Each structure stands twice: as C-alpha cells, then as structure tokens.
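Note that the structure is a prediction, hence the values are computed from the model and not measured.
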Amino acid sequence: MATQLLIYETAVPVSAARHRDAGVEAGGDYAFARNVNSVPLMAVEFPHAAPEYAIVFAGVKDEVMPAVILGVRGNENLYLGAQGKWAAKYVPAFVRRYPFVFSTADDGKTFMLCVDEAFSGFNREGRGQRLFGEDGKPTPYVDNVLKFLQEYQAQFNRTRAFCRKVKELNLLEPMQAQIATDKGERLSLGGFWAVNRAKLKALDGEKLAELAKTDELELLYLHIQSMRNFLVLKDRLVVLEGGKAESVPAAQAGTKAKAPGGKPSKRAAGD
C-alpha cells in the first residue's frame with residue numbers, strides 16, 4: 001500500500017486491536033510541518049489560499065498537482081511561528097488532516113485510515129479524543145475524521161482532472177523564483193510550473209468559455225495572482241549569515257489531506 005508522506009513518520013492502519021486505548025490530543029501546534037517548504041493544495045482551496053500563499057504546480061509534467069509554497073530554503077516553513085503556531089489565516093487541508101491519512105491499496109480503490117503514531121499528541125494515557133469506545137467501535141471523532149478524508153479524496157480526484165485539462169491546453173511552463181534579501185542574500189526556488197498568462201489569453205473563445213463555465217478560468221487567474229505572494233516570503237525570511245546564494249526545489253506535490261488538529265473539523269477541504 002502507498003501513503004503520501006512529507007510530514008508523516010510512522011503512519012499505521014487504525015484498528016481496534018492496536019488502538020483500543022489510544023487517543024489524539026491536538027491543538028494549535030503545527031510543529032510537525034516545520035521542515036516542509038511546500039504542501040499539496042486542492043483546487044477548491046484556491047480562493048482561500050490565494051490571498052496568503054503562492055500557488056504553483058509541482059511534480060513532473062505528466063502528473064502535476066497544485067501546491068502552496070511555504071518557504072524558499074529547503075526544510076524551512078516560513079508560515080510557522082516559533083511556538084508552532086500557523087502564521088496565516090488559512091491552513092491548507094493537507095496540514096489540517098494530520099495526524100491522519102488514507103493509505104491506498106494497489107488497486108487504487110480501497111482506502112484504509114492510518115494515524116501517525118509519531119505525532120506528539122498521539123497517546124495511550126487518555127488525553128484528547130479517544131479513537132475507540134469501550135465497546136470497541138470507532139468514536140464519533142473517528143467518524144468525523146473519515147468524513148473529512150473522504151471529502152478530501154473527492155476533491156483530489158476533481159483537482160487531478162483540472163490539472164490534466166491544464167496540461168492538455170499546454171498552459172504550463174517551468175518557473176524559478178529569485179529572491180534577493182535586503183542584506184544581500186540571494187535565494188532561488190525552482191522545480192515547479194506556472195500558467196503562462198499569454199498562452200491562457202490566446203486560447204480560442206470556445207475553450208475559454210468552457211473554462212469559465214466550470215469555474216476553472218477563475219482558478220487559473222487566482223493561481224496567477226497568487227504569484228505575487230513570493231514577495232510575502234521575502235518579508236518572512238530569516239537571512240542566512242554571509243548572504244550566500246542558495247537554490248532549492250519545491251517539494252513534489254502529493255495526493256491527499258488530513259483532518260484538523262484538535263477536534264476533527266467537518267469542513268470540506270477548502271472551507
């Protein structure tokens with residue numbers, strides 16, 4: 001079976017046999033995401049993410065997915081404060097679902113709920129939300145987690161279809177962000193794709209009308225407008241000593257997302 005990792009260390013299937021006495025205590029501490037400089041984003045999240053993040057397309061040209069850029073240097077999340085607080089109004093669903101994730105069987109159709117036992121809030125001391133009741137059945141907390149992940153999976157499938165259409169229209173081109181800090185440090189972030197505005201404007205009326213009808217044209221322009229948020233990253237940078245140039249790739253976009261920290265949210269991925 002395959003799971004998407006990034007922030008996961010020890011994701012194991014949730015079962016009554018293994019987790020009957022287990023609980024999850026989650027709050028506003030997102031320290032588990034400290035070492036990622038990008039995370040996957042679903043298309044439904046574009047309106048919420050675009051005001052605060054640079055949205056790009058990551059992966060290989062045959063299989064790309066949207067992602068939000070969190071940092072310019074490798075293993076640095078500029079949207080995370082010193083105390084593990086998220087320094088933005090919107091938290092991507094990929095981050096909110098932690099410590100849970102779906103594991104996918106080889107047939108690509110069967111999904112199994114997993115939990116990262118390395119999460120600091122995972123415990124067997126009765127703290128937080130129990131995973132199973134005294135009767136050995138999943139608690140309402142787990143039911144909410146499953147609903148969140150099922151909705152996320154549905155949004156992933158829609159996002160993948162959207163990305164395929166963008167690729168078929170030949171709108172993407174490789175991009176590299178160059179940032180120079182006030183103290184002379186030069187940083188470069190590559191390994192991602194962006195929509196070429198000129199190619200988008202050159203589409204014939206029929207294709208543009210189709211994109212507008214499905215709201216995908218709005219998504220493309222939200223992506224383009226969000227690129228200005230690379231300037232926000234510059235303001236968040238902690239300058240390295242000596243002004244040394246550094247070039248790092250954006251992380252590859254994965255597939256699914258997780259339920260929020262404390263009480264599993266009933267929100268859809270983009271709510």
Side-chain angles (χ1 to χ4, degrees), residues 1-34 36 39-45 48-49 65 68 80 84-86 88 90-105 107-160 253-271:
M1 294 189 297
T3 59
Q4 54 185 113
L5 299 178
L6 283 182
I7 55 180
Y8 297 89
E9 295 181 28
T10 313
V12 299
V14 173
S15 68
R18 186 181 180 101
H19 299 115
R20 189 182 185 106
D21 61 344
V24 171
E25 183 181 45
D29 186 356
Y30 295 94
F32 56 83
R34 187 173 298 282
V36 293
V39 295
L41 189 77
M42 298 301 102
V44 71
E45 298 182 86
H48 306 279
M65 286 291 287
V68 289
L80 198 64
K85 303 298 182 183
W86 201 266
Y90 184 74
V91 181
F94 184 89
V95 176
R96 285 187 278 124
R97 70 178 180 174
Y98 189 81
F100 298 97
V101 67
F102 270 154
S103 178
T104 311
D107 60 8
K109 299 178 181 179
T110 305
F111 300 95
M112 182 177 296
L113 179 65
C114 296
V115 63
D116 188 356
E117 293 183 345
F119 173 51
S120 61
F122 177 85
N123 70 92
R124 301 182 185 275
E125 290 77 46
R127 293 183 285 110
Q129 301 288 334
R130 288 284 301 272
L131 300 185
F132 292 90
E134 296 300 328
D135 58 0
K137 295 181 179 180
T139 61
Y141 173 78
V142 172
D143 291 339
N144 284 339
V145 169
L146 282 169
K147 290 176 183 176
F148 186 94
L149 293 180
Q150 288 164 353
E151 173 63 17
Y152 188 88
Q153 182 61 28
Q155 294 298 339
F156 166 73
N157 292 333
R158 297 186 184 109
T159 302
R160 183 163 58 178
T255 47
K256 306 156 200 161
K258 324 179 183 172
K263 223 174 175 183
S265 171
K266 294 182 181 179
R267 297 184 297 171
D271 290 350

Checklist entry - Is Gln155 reaching over with its side chain to a backbone N or O of Val44, donor-acceptor style, under 3.5 angstrom? => result no

Next on the checklist: To check you understand the geometry: which heavy-atom pair defines the closest contact between Arg20 and Arg130, and what is its length?
Outcome noted: O-NH2, 2.9 Å

Checklist entry - How long is the span from the CD atom in Glu117 to the CG atom in Asn123, to the nearest 0.5 Å? => result 11.5 Å

Checklist entry - What distance do Glu125 atom CD and Glu25 atom CD have between them, rounded to the nearest 0.5 Å? => result 10.0 Å

Checklist entry - Under the side chain to side chain contact (heavy atoms under 4.5 Å, CB included) test, which residues partner Ala43, sequence neighbours left out? => result Thr159, Phe162, Leu219

Checklist outcome for this item: Smallest heavy-atom separation, Phe102 atom then Gln150 atom, equals CE1-N, 3.8 Å

Item to check | Straight-line distance of Arg34 CZ to Leu80 CG, nearest 0.5 Å | outcome: 4.5 Å

Item to check | Within-4.5 Å side-chain heavy-atom neighbours: Glu9 and Phe32 | outcome: no

Checklist outcome for this item: Heavy-atom nearest pair, Pro138 first then Phe132, reads N-CD2, 3.6 Å

Checklist entry - In Å and rounded to the nearest 0.5 Å, what is the CD to CZ distance from Gln153 to Phe111? => result 4.0 Å

Item to check | Partner of Arg18 under side-chain contact (heavy atoms from CB on, under 4.5 Å), chosen from Val115, Val12, Leu131 | outcome: Val12

Item to check | Plane angle bin for Tyr98 and Phe119 - parallel if under 30°, tilted between 30 and 60°, otherwise perpendicular | outcome: perpendicular

Item to check | Contact summary for Pro13 and His19, nearest pair of heavy atoms | outcome: O-CE1, 3.2 Å

Item to check | Trp86 versus Pro92, closest heavy-atom pair with distance | outcome: CZ2-CD, 4.0 Å

Checklist outcome for this item: To the nearest 0.5 Å, atom OH of Tyr30 lies from atom CD1 of Ile7 at 11.0 Å

Item to check | Which atom of Cys114 lies closest to which atom of Val14, heavy atoms considered | outcome: C-CG2, 3.9 Å

Next on the checklist: Using the salt bridge (charged side-chain N to carboxylate O under 4.0 Å, His left out) criterion, which residues pair with Arg158? Sequence neighbours excluded.
Outcome noted: none

Item to check | Test salt bridge (charged side-chain N to carboxylate O under 4.0 Å, His left out) applied to Asp21 - qualifying residues, sequence neighbours left out | outcome: Arg124

Item to check | Intermediate values then yes/no, side-chain contact (heavy atoms from CB on, under 4.5 Å), Asp116 and Val101 | outcome: CA-CA 8 Å; Asp116 188 356; Val101 67; over 6 Å; no

Item to check | Spacing of Phe94 atom CZ and Phe156 atom CZ [to the nearest 0.5 Å] | outcome: 11.5 Å

